[in-house]
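The structure presented is a predicted model; accordingly, all values stated were derived computationally and were not measured.
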Amino acid sequence: MENPIKNISYDALVIGAGIAGGEAALNLANTGFKVLLVDKELSVGGKMIMLSKVFPTLDCSACITTPKVSEISRHPNITIFTGSEVGEIKKISDHEFTAKVTKHPRYVRVEDCTACQLCEKACPQNVRDQYQFGLIGRKAAFIPFSICSPKAAAIDIDNCTLCGACEKVCPTNCIDFTQEVEVMDLHVKTVVIATGFDMFDAKKMPRYGYGQYKNVITALQMERELAPTRPFNTILRPGDGKVPDKIAYVLCVGSRDASVGNPICSQICCMYSIKQAQLLMGALPMADVTIYYINIRSFGKGFEEFYQQAKGMGVNFVKGKIGRISEKEGGNLLLRYEDINEGKLQEAEHDMVILSTGVLPNKGIDKFFVNETLALDPFSFVGQSDMLASPAKTSIEGVFVAGTATGPMDIPDSILSAGAASSEAISYLIQQA
Amino acid sequence: MAELNKKSAKILVFSTEKISDPAIDMAGLLKLHYPPTVYTISIPCSSGIKPSWILYAYEKGFDGVFIAADGSDCVFGESCTEKTGHLVGKTHNLMKENGIEPARLRMAAICSVCSESFVKQMRTFNEYLLKTLHA
Amino acid sequence: MKKKKIGVYICHCGGNISDYVDVEKVRQSVEGEDIVFIAKTTMFACSDTNQRDMVDDIKANNLDGVIVASCSPKLHQLTFRNVSIRADLNKYTYVHANIREQASWAHSDNKMGATEKAIHLVKAAIAKARYADALETNKIKAKKAVAVIGAGVAGMKAAISLAEKNTEVILIEKEPFVGGRVAQWDSLSTTTETGKNMVKRLYSELTKHDNITILTNSEVIENKGSVGNISLKVKRTPRFIKASACHPDDLKRAIEVCPVEVPDEFNFRLSNRKAIYKNYPSEYPQIPVIDVKNCTRCGECEKVCKAVDFTEKEEILDVEVGSVLMATGFDSYTPEYGEFGYATSDNVITLPQFKRMIDTQFDKLTYNGKQIKNIAYIYCVGSRQTDGENTYCSRNCCTSTIHAAVTAKQKFADINNYHFNRGLRTYGKQEILYADSLRSGDIYLQSYEDGLPTVITEGKKTIVKINDILTNGREIEVEADLVVLVTGMVPRADNTIGSLFKIPKGRDKFYNEVHMKLRPVETVIDGITIAGACQGPKNIAESVNSALSAATKSYSILSKGELETDPLVATIDPEKCTWCGACEAACPFDAILKVEKDGKTIAEINNTVCKGCGMCAPVCDPDAVNLIACSSKEIMSMIDALV
Amino acid sequence: MAKINPAFGKELNKYGAVNFNACYNCGNCTAVCSLSTEDDSFPREMVRLSALGLEDDIKASLKPWECYYCGECSTHCPQEANPGELMMSLRRYLTGKYDWTGLSGLLYKSLPVSLAAFILTFVGVLAFVMSVGFELEKMVHFGHMFEMIAIGTVGLVILLPNVARMWYFTILKPKVNVSFTKYVKSMGELFIHMFTQKRALGCDDNQFRWFEHFILVIGYLSLLFTTVALDWFSSQNMFVIILGYVMSAIVFVVTVDFVSSRMKKQKEVSKHSQPSDIFFVVWLFLMGLTAFLVRLFIDINILEANKWLYVFHLTVLVQWALIIVPFGKWTHFLYRSFAMYFAKLKE
């Protein structure tokens, strides 16, 4: 439960409540340790809760995430702070850290809110919905998304005009504009970093026209269009709301690309693109889906079979990186590439293009540690001090790392990595006891 | 319902929680289709099926009964295969006594990954039942 | 009896169900059933909101039980049992209906059929719920000890991790030495540490913990019991060398004088070893071993070394644990005779052999006495097969090969590397290794899916030919001094241990987890976890991650020292029972006792021993035996509902 | 059937290729190149042939000449494999291969040899001016004579056979069937490209670069014509004198921009400039400037007092005519035009 207690001690601080942070917190809590789970977003669940289905089993992502999320939020040993940020972390003795946690006001008393959505209806302010990756709008008084946890409204104060409309309609009077930023000094024995990853900003590659051509979207946006809780209830191209029938996936946008500063492979884009292609083939049986790739990296358990299955379903795979995209009249897009199998330059017209953007580190975590140095790897992911034998250990004793904070990985790997981080943290706590 | 019955026979499957259930679930996951009139009742072990249940199923209108046996994978021990075989034999005798064609009871070992084999079994069993019972 | 009031929740599963099954129709068809008090549909039954709604519904309406019709019970039965618990209901009053895997997905080609089936399945669940009574779980004491099988890096890490969590560990290794595959390598990717050093480091950590027992040269031969109380019998083959009397020089001489030579498996048969041997000097445990299978008992070694002791006897140890962690690793694929020239051409070897070669040679790289300059690597041998049975990608071989090629180039002069691949899969940060190898001049040639490279032997020459995608399909050939077949990881050929524990296998024949994301290290057998490459190809860091996860899982099962078991056991109707002994004979767990009750000899079930398999039920002629939750009345009423 | 030659990369590096074997064959370079077409796709194919060391294929290819090096391919190369610079290096390599004397290759690959050649020619000039006793009139007279003879000799002995070799490598050896009439009909291509470089207009970068280059070519050819055919230094014709001034001024003013960008190395094109590129633009600049000054000094009558200027001009001229024109970068002017011509023949 959300808990506004200050100055308190916990066994473990888990930073980031995505699937890795959540798993690590659960493992720690299940073995009897008190865990503080902090996330800067308004809901736990990280990126995974936003996804449609997951490869290679095509389980619905929400079906896997939501029970974990509810287990986390109900666990007696776990305290969650959403909308909160970790500040300075200081090692004060061998087995003790202090951490400053800033809790931003939600302007809604979570415990009283029933998520009735009346405030949402009453609010006159429209803004782009960051939880739908800008595909649609939301209000300034809003419930982050339908399966968020805690399921409660929040006021986006930056966009709020303080008109008071929401306050008037709220049946439980849970809207409270007097809430202030709370800063807490907490004592913890161990820290698990599970800050996840960032997506490459496709605007940094102007030759693909993202942000300029309306029918060029990112895979994360497509993920929302495909999700069960999707905004349009069908697949639409944003330019004119037409149902697309010639869809292209551009792989390696911002990964394996030293010219944009990210030479490593993002490990998941091939698979999520293949997954989306399969889902699109299901949702739009008449549509052509083409995936433009350099190498297909279907390396995990069941991945290669999944790739072959997509081929069998009729997804086109074209070996060749897209060089440029230009927009035609009417919003269709012209993709220029070299078909490597033929050794020839080709142009192909598609009515919708999805950029499979890569994975970047979520920067800044190292700055929090004031009297110790959290080493980073050459790509600014959290460094692993003993990468092969103890992948969850960092350069600071008692600080462990889980999931994609150490580099790109898929969901099963993130969960295993979270298992490893919590295992190390549990051992650390038991050994200190 | 009547219309559906023309197309497919009603088959009751006794399947086991740990071994054949995963295979049947996986058949669904892989969208391997089989007749929708195949119903599964899940039990711990195939050697725990009472012949009376099978006879009851025929009495109530099932065209066929299929035992998705654990085979040698049974978590409760190797005697499962033999015991399941024994109870099938016993049931066959009872079926003969009651004038039910023994071929309407089939058994095959379905291991936890035998999705394709399960689906194949269902399709052929269905065809057989349609041919003999609904011809 | 008072009429039950139950709630039925039908899940859309965000379209997974509702796209094919008319959930509203299902709801309408069941809401009229006599015991159904509430029937609702929900977008995600498993979501927090719906769970909360269910709790509210149960409490507000004093429901006696609930049914959720959603996905497979393997995924969420536990979730909803917990909902019941939170609503102060007994968890066994909960009944699950699987209308996803067994209706919407299986019959996505027939929406009407899928809907009809879903209705019947929910009705059957209602029939079952009618009889689903509150039951108390049995509590059993759990032994806080874990058997870790396999002492490769995964097993060693898991053992250390468990020991750190104050759990007793029995680490069982079939081979005479620990370290598994990693002990075979010097150079490891992404670190400057050698494989041997890594093993040494882990071994010294193992020996620091008094709660770890290391059993090498040992195999589990019997497995009894179940989670919490598993009894294993371990056969320990003696080393025939006394640790105490062992002087290193004598032992060295003993090895020298041994007249037996057998192919050295540690070196992938590139060389021979003696019948008394140690694979490399710093190997652990530090005592050599006598390979009894090949030893001729000539006694030569005994003459030079006092430590040799042929009187040592095979031991059978009894091990009592609460959980078993499998870390039995993988085999390297053995190419078929003639596959890419394997065994038919003198210059063709496998990747593991090549790795041993570069680790054991210095200055000049030679094979069969010939200096090696041009090396051709053929990728995906035994992986991604279109004809063979290994359809999966072996994940680690691309990186491993490039690492070996780069190492060879750095270590030996004038090496040219030619990589005949099928699309490089150096995922993640491993991409850097690929880029480095390209920059150092390694040449990559890629074949079409249906046009694999060919190896041709012309006299002493070995030529590799390919139609290279990257050069417009041109036929390109390389005369190679050595052809390295990049063999993938395959499941252990010897699956004795897997069958002993009845661990299910996946499509790729590796051990299968319950659910890749929800329960990635657990098997369907309670208390048995899996770690490392026995579950599928993994690199070292990935194996260690899974080992630590499995250790946490095994630990959390046992940490409370007590386990709850299903009360779903057999019951005897004393009225009907006439004690014939048939049930006793059928029970594989000795759970049936012969007792005198009210002057009548009848059977009685020992609840803590009964596993609820039901084998006793069909053999009872008077039909006195029933399984709780699977009794005749329940099954028959389900049959009624299904028709 | 092709055999790989891994040593070729090292050879190509000597011609200035940088890091091209980092290429992982994504085809991005071909896709961003605005000159690349379905039937004529590059530069990836050339990068690949270079990585494999398939020399015969490289020699038979005209593609290196079809690139005008806008640098887009290198800017966007995900592996930083510099495909643009590889194309440039291939042009140097091919120049070396076309040249029957083998000197081009030698000069490209070795800066010391180039410097030695420059010093040697300087010594030759000194010897000559000493032999005529620093007499200005004789120096100018023989200078002019030298120009005419050098053009003829270099053209006939070096350049013509080299173009013939280029034809052999690209047309004859790969057995391309071309009818005689096609040879005649396509002749137009040769001259259009020689004088206009119109293909470079298709490049993605600004058209100013093309314009600059165009003006420079016109200026250079006109200057050549003015000095050689119209004997500018000795002419009294006002038109000729002014023409010479204008043309030489164009040459040295325009080259200033070329030289400075080579020095700054900001643009993709100039990041990896080789000595031969720098010699070419610097000498062109010096040619224009010294010619301009020589005529200026003649007109204001101070050349006699500053004979060193003419000696300097002559040195530049001789080095230009004997090193840069036959064996240096000047030849791209010729090969590019012929490549366009041959490409037309191959169509």
Side-chain angles (χ1 to χ4, degrees), chain A residues 27 30-32 54 57 59-60 62-64 66-67 69-70 73 115 147 149 151 227-229 256 263-265 267 295-305 308 319 340-343 379 387-392 407-409 411-413 415-417 419-420 422-424 426-427 430-431, chain C residues 13-16 43-44 46-49 51 71 75-76 79 153 157 161 164-166 188 190-191 193 198 201-202 384 391-393 395 423-432 435 469-470 472-473 507-508 516-518 520-521 536 540-542 544-546 548-549 551-553 555-556 559:
Chain A
N27 283 341
N30 281 339
T31 41
V54 289
T57 47
D59 286 319
C60 105
C63 305
I64 299 170
T66 47
V69 162
S70 57
S73 42
I147 49 175
S149 172
K151 181 128 189 212
T229 51
R256 297 184 76 187
I264 63 172
C265 159
Q267 207 158 319
N295 296 116
I296 291 291
R297 297 197 155 159
S298 47
F299 56 84
K301 193 164 181 163
F303 291 9
E304 176 70 12
E305 291 86 341
Q308 296 304 336
K319 184 167 168 65
I340 302 293
N341 282 336
E342 302 287 327
F379 316 102
M387 189 171 164
L388 299 185
S390 290
M409 52 179 97
I411 295 164
D413 281 348
I415 291 172
L416 290 178
S417 146
S422 49
S423 175
E424 302 268 19
I426 293 165
S427 291
I430 291 177
Q431 297 292 303
Chain C
C13 198
N16 280 313
M43 181 55 92
F44 289 113
C46 55
S47 72
D48 207 30
T49 324
Q51 290 190 31
C71 53
L75 293 171
H76 285 317
T79 311
V153 279
K157 270 308 278 193
S161 172
E164 284 170 347
K165 295 176 181 67
N166 297 337
L188 301 177
T190 71
T191 173
E193 190 178 21
M198 186 176 170
R201 187 155 62 103
L202 293 180
R384 297 175 67 189
T391 53
Y392 58 89
C393 162
R395 184 170 185 141
L424 259 291
R425 292 184 168 173
T426 42
Y427 56 92
K429 297 180 205 170
Q430 299 168 94
E431 180 72 13
I432 298 300
I469 292 183
L470 310 177
N472 303 354
R507 271 194 289 181
D508 51 11
M516 202 183 260
K517 296 171 182 86
L518 287 172
V521 293
I540 298 173
E542 288 156 357
V544 169
N545 272 341
S546 78
L548 292 176
S549 294
T552 309
K553 194 50 73 184
Y555 170 71
S556 69
S559 60

side-chain contact (heavy atoms from CB on, under 4.5 Å) between A/E424 and C/S161, intermediate numbers included | CA-CA 7 Å; A/E424 302 268 19; C/S161 172; over 6 Å; no

Check: [Y] and [X] side chains under 4.5 Å, non-hydrogen atoms:
{"X": "A/K301", "Y": "C/D508", "answer": "yes"}
{"X": "A/I430", "Y": "C/Y555", "answer": "yes"}
{"X": "C/V521", "Y": "A/L416", "answer": "yes"}
{"X": "C/T391", "Y": "A/Q308", "answer": "no"}
{"X": "C/L424", "Y": "A/R297", "answer": "yes"}
{"X": "C/S47", "Y": "A/K151", "answer": "no"}
{"X": "C/N472", "Y": "A/E342", "answer": "no"}

Taking all non-hydrogen atoms of both residues, which atom of [X] and which atom of [Y] are closest, and how far apart?
{"X": "A/P391", "Y": "C/V544", "value": "CD-CG1, 3.4 Å"}
{"X": "C/S549", "Y": "A/A420", "value": "OG-N, 3.6 Å"}
{"X": "A/G407", "Y": "C/K429", "value": "CA-CE, 3.9 Å"}

Between [options], the one whose heavy-atom pairs under 4.5 Å with chain A are most numerous:
{"options": "C/M198, C/Q430, C/E542, C/R384", "result": "C/R384"}
{"options": "C/S559, C/A551, C/G428", "result": "C/G428"}
{"options": "C/K553, C/M516, C/R395", "result": "C/R395"}

Applying side-chain contact (heavy atoms from CB on, under 4.5 Å), run through A/D413 and C/N545 and close with a yes or a no.
-> CA-CA 8 Å; A/D413 281 348; C/N545 272 341; over 6 Å; no

Please state whether the side chain, the backbone, both or neither of [X] comes within less than 4.5 Å of a heavy atom of chain A.
{"X": "C/S556", "value": "both"}
{"X": "C/E431", "value": "side chain"}
{"X": "C/I432", "value": "side chain"}
{"X": "C/K517", "value": "both"}

Most chain C-contacting option - heavy-atom pairs closer than 4.5 Å, from A/G300, A/P263, A/S298 | A/S298

Residue selection (most heavy-atom pairs with chain C, distance under 4.5 Å) from A/I264, A/I340, A/L388, A/N295 | A/L388

Atom pair [atom1] ([X]) and [atom2] ([Y]), whose distance is rounded to the nearest 0.5 Å:
{"X": "A/S427", "Y": "C/L548", "atom1": "OG", "atom2": "CG", "result": "8.0 Å"}
{"X": "C/L470", "Y": "A/N341", "atom1": "CG", "atom2": "CG", "result": "9.0 Å"}
{"X": "C/Y427", "Y": "A/R256", "atom1": "OH", "atom2": "CZ", "result": "14.0 Å"}
{"X": "C/S546", "Y": "A/I415", "atom1": "OG", "atom2": "CD1", "result": "13.0 Å"}

Just by distance, do the side chain of C/R425 and the backbone of A/I296 share a donor-acceptor pair under 3.5 Å?
-> yes

For side-chain contact (heavy atoms from CB on, under 4.5 Å), just list the numbers for A/S423 and C/K165, CA-CA rounded to whole Å, side-chain angles, deciding distance to a tenth of an Å, and then say yes or no.
-> CA-CA 9 Å; A/S423 175; C/K165 295 176 181 67; 2.8 Å; yes

Would you please test C/T191 and A/M387 for side-chain contact (heavy atoms from CB on, under 4.5 Å) and show each step?
-> CA-CA 8 Å; C/T191 173; A/M387 189 171 164; over 6 Å; no

